[in-house]
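Presented below is the structure to which this report refers.
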Amino acid sequence: MGGRKVTYYYDPDIGDFYYGQGHPMKPHRVRLAHCLVTRYDLWRHLDIVRPRPARKCDLVEFHSPDYVDFLRAVTPGNQEELSAALKQFSVAGDCPIFDRMYQYCQIYAGASIGAAMQLNYGRADIAINWAGGMHHAKKAEASGFCYINDIVLAILELLKVHSRVLYVDIDVHHGDGVEEAFLTSDRVMTVSFHKYGDNFFPGTGDLGDCGLAGGRGYAVNVPLRNGMDDASYEGLFRPIMTAIMERFQPEAIVLQSGADSLAGDKLGVFNLSIPGHGRCHAFLRAFGLPLLVLGGGGYKVKNVARCWAYETGVLLGVESSMSEMLPPNDYYEVFGPDYRLAPTLAPAKPNQNKRETLDKIRNTILERLRNLHPPGVSFHERAPDALSWDFVAGTGFGVATKARGSAADADAVGRGEGGMDNA
């Protein structure tokens, strides 16, 4: 453990939300991950907190009031009456209207804001919210299964205390919503390792995209081709992140842990293993800075659950003690036929990333970083917290006050079946 205090946000209702039949996004994956976290007894090392839902006044710190009002008002029953607003805010198709959608956004956004406050107050060294990481949402636009950008809201909260915040995105898709939000800022550096080209969503994040105006140089994009494996990925991640830590000197880190970069993902095209994905977490954890870890993409439910449970162990520093064979759990059959924590995942695509291309990407980014200096931040009065501390501390997991959870608490919420379709 090394004395690191780890806070873990989880709402037992998160698995009941359902985007609709056939939709690849399954909030239920967070429930499966939590089930494994409890069955591996990781809860014993965590401060488990049930989040307070974010309020409108919290969400409009980034999002436009009209957009938030629309999300509050629209339902499956009245969406036809609001067709003009649906078009205006890009809520349709990949971003469907579903039952209690706004409540879903309130839960995952409230958890990320609360987690940032835990770090701000020094109540945690690491804070985890696997339900968060919705990196595509824009100020007044839904995109890529994302409605509210909890990441931007959390970073804004961190900036109230920390002069510089580093955002790292290892989802297979470009973290466009977060980059766009801080495109002209030199206090937030956004770093995204993602598939680029071949009309792959969202189509942004080329190597030359590096920020605008005062934020020029503070956006780093690592555009990759199909089939990235562990060795190729690590050969970029470690030197680039080492240089960024030296040149930008962040005071806090936010890591978006999209698991669609794993091999075999239903929408992904990379070949990362679960341990390879987790080594990104171990690398950033080792810097000892306040660290906010969020979920993100990931559409093969059983692999997402295994990945995030394993990475919870990594963040606790106990992953080596987690047995490879999964412990008995309420979803055991979902994890067949191997029933392992980190099985060998079949490659999705041949590795199309040539060594000379990767060398060029790495060298181009490292050369830019040599000219980068951390910005000086003039003194300013601290903005008020998004939530009061009493409000954000919230109820503990299953008890009246914030406290450590228990296996019994997990048993009480681990059996819902909403939104499985197939794993």
Side-chain angles (χ1 to χ4, degrees), residues 1-2 4-11 14 29-30 33-34 36-37 40 42-43 45-49 51 107-120 122-135 149-155 157-158 162 165-172 175 178 188-193 237 241 244-245 250-262 272 274-298 304-319 322:
M1 286 287 292
R4 307 294 295 280
K5 297 177 291 184
V6 183
T7 295
Y8 172 99
Y9 275 80
Y10 177 72
D11 191 304
I14 198 69
R29 65 204 175 134
V30 179
H34 179 72
L36 294 181
V37 166
Y40 273 106
L42 301 181
W43 61 269
H45 309 296
L46 298 166
D47 284 320
I48 302 180
V49 180
I107 289 173
Y108 76 72
S112 293
I113 296 169
M117 286 189 65
Q118 293 272 355
L119 298 174
N120 282 353
R123 296 289 295 268
D125 302 306
I126 299 171
I128 302 169
N129 173 27
W130 294 127
M134 301 301 170
H135 60 170
N149 199 315
D150 63 294
I151 306 171
V152 172
L153 294 169
I155 291 173
E157 194 64 31
L158 290 170
H162 302 92
V165 176
L166 172 63
Y167 171 69
V168 184
D169 192 315
I170 59 172
D171 194 291
V172 75
V178 184
V188 178
M189 175 168 276
T190 60
V191 186
S192 181
F193 296 79
F237 189 87
M241 295 314 306
I244 285 171
M245 295 300 292
E251 296 181 358
I253 303 172
V254 178
L255 174 59
Q256 197 268 18
S257 311
D260 48 7
S261 45
L262 296 176
L272 298 189
I274 290 172
H277 198 268
R279 281 194 286 274
C280 297
H281 297 66
F283 185 80
L284 294 176
R285 177 185 185 272
F287 287 98
L289 296 175
L291 176 60
L292 172 58
V293 179
L294 306 171
V304 177
R306 289 189 263 219
C307 183
W308 290 347
Y310 174 79
E311 287 167 351
T312 302
V314 170
L315 294 166
L316 288 166
V318 301
E319 73 277 13
M322 298 171 71

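Note that the numbering runs from 1 along the sequence shown for the chain.
Proximity of a side-chain donor or acceptor of S261 to a complementary backbone N or O of I170 within less than 3.5 Å is detected. Side-chain atoms of R285 come within 3.5 Å of backbone N or O of L315 as a donor-acceptor pair. Remark: the backbone N or O of G133 is paired with a side-chain donor or acceptor of Q256 at under 3.5 angstrom. S257 contributes a side-chain N or O that, together with a main-chain N or O of L294, makes up a donor-acceptor pair within less than 3.5 Å. D169 places no side-chain N or O within 3.5 Å of a backbone atom of V191 that could act as its donor or acceptor partner.
When the salt bridge (charged side-chain N to carboxylate O under 4.0 Å, His left out) test is applied to R306, the partners found at least two apart in sequence or on another chain are D338. Partners of F193 according to the ring pair (Phe, Tyr, Trp, His ring centres under 6.0 Å) rule, which considers only residues two or more places apart in sequence or in another chain, are Y233, F237. For Y8, the side-chain hydrogen bond (donor to acceptor under 3.5 Å, both in side chains) partners at least two apart in sequence or on another chain are H34. Partners of Y167 by ring pair (Phe, Tyr, Trp, His ring centres under 6.0 Å), not counting sequence neighbours: none found. The side-chain contact (heavy atoms from CB on, under 4.5 Å) test applied to V152 returns F62, N149, L156, V178, A181, F182, not counting sequence neighbours. By the side-chain contact (heavy atoms from CB on, under 4.5 Å) test, A111 is found to be paired with Y9, P51, N129, residues two or more places apart in sequence or in another chain being considered.
W308 has its side chain out of reach of V37: every pair of non-hydrogen atoms, C-beta onward, lies at least 4.5 Å apart. With contacts defined as side-chain heavy-atom distances shorter than 4.5 Å, the pair I14/I107 qualifies. Using a 4.5 Å heavy-atom threshold, the side chains of L289 and E251 count as separate. Between H277 and E311 there is a side-chain heavy-atom pair separated by less than 4.5 Å. Using a 4.5 Å heavy-atom threshold, the side chains of D47 and Q118 count as separate. No side-chain heavy atom of T7 sits less than 4.5 Å from a side-chain heavy atom of L46. The side-chain heavy atoms of P250 and M189, taken from C-beta on, include no pair separated by under 4.5 Å. A 4.5 Å side-chain heavy-atom check between L262 and V172 finds every atom pair outside the cut-off.
Between L292 and A115, the shortest heavy-atom distance links the atoms CD1-CB, 3.5 Å. Heavy-atom minimum distance, A116 versus A154: CB-O, 3.6 Å. Of all heavy-atom pairs spanning D150 and S112, the tightest one is OD2-OG, 2.7 Å. Among all heavy-atom pairs drawn from G296 and D171, the shortest one is C-OD2, 4.0 Å. Closest approach of R29 and G298 over heavy atoms only: NH1-O, 3.0 Å. A pairwise comparison of heavy atoms in Y310 and G278 identifies CE2-CA, 4.3 Å as the closest pair.
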Between E157 and N120, does the side chain to side chain contact (heavy atoms under 4.5 Å, CB included) criterion hold? Intermediate values first, please.
CA-CA 8 Å; E157 194 64 31; N120 282 353; 3.9 Å; yes

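A distance of 12.0 Å separates CD1 in I155 from CD1 in I113, rounded to the nearest 0.5 Å. Taking NE2 of H135 as the reference point, atom OG1 of T190 lies at 12.5 Å (rounded to 0.5 Å). The CG atom of L119 sits 8.0 Å away from atom CG of D125, with the distance rounded to the nearest 0.5 Å. Once rounded to the nearest 0.5 Å, the distance linking CG of L284 with CG of L255 reads 5.5 Å. One distance of note links CE of M245 with CZ of F287; it measures 4.5 Å at 0.5 Å rounding.
When each of I128, L42, V293 is paired with V6, the side-chain contact (heavy atoms from CB on, under 4.5 Å) condition holds for I128 and for no other. Each of V168, V314, I126, T312 was checked for a side-chain contact (heavy atoms from CB on, under 4.5 Å) with H281, and the lone residue meeting it is V314.
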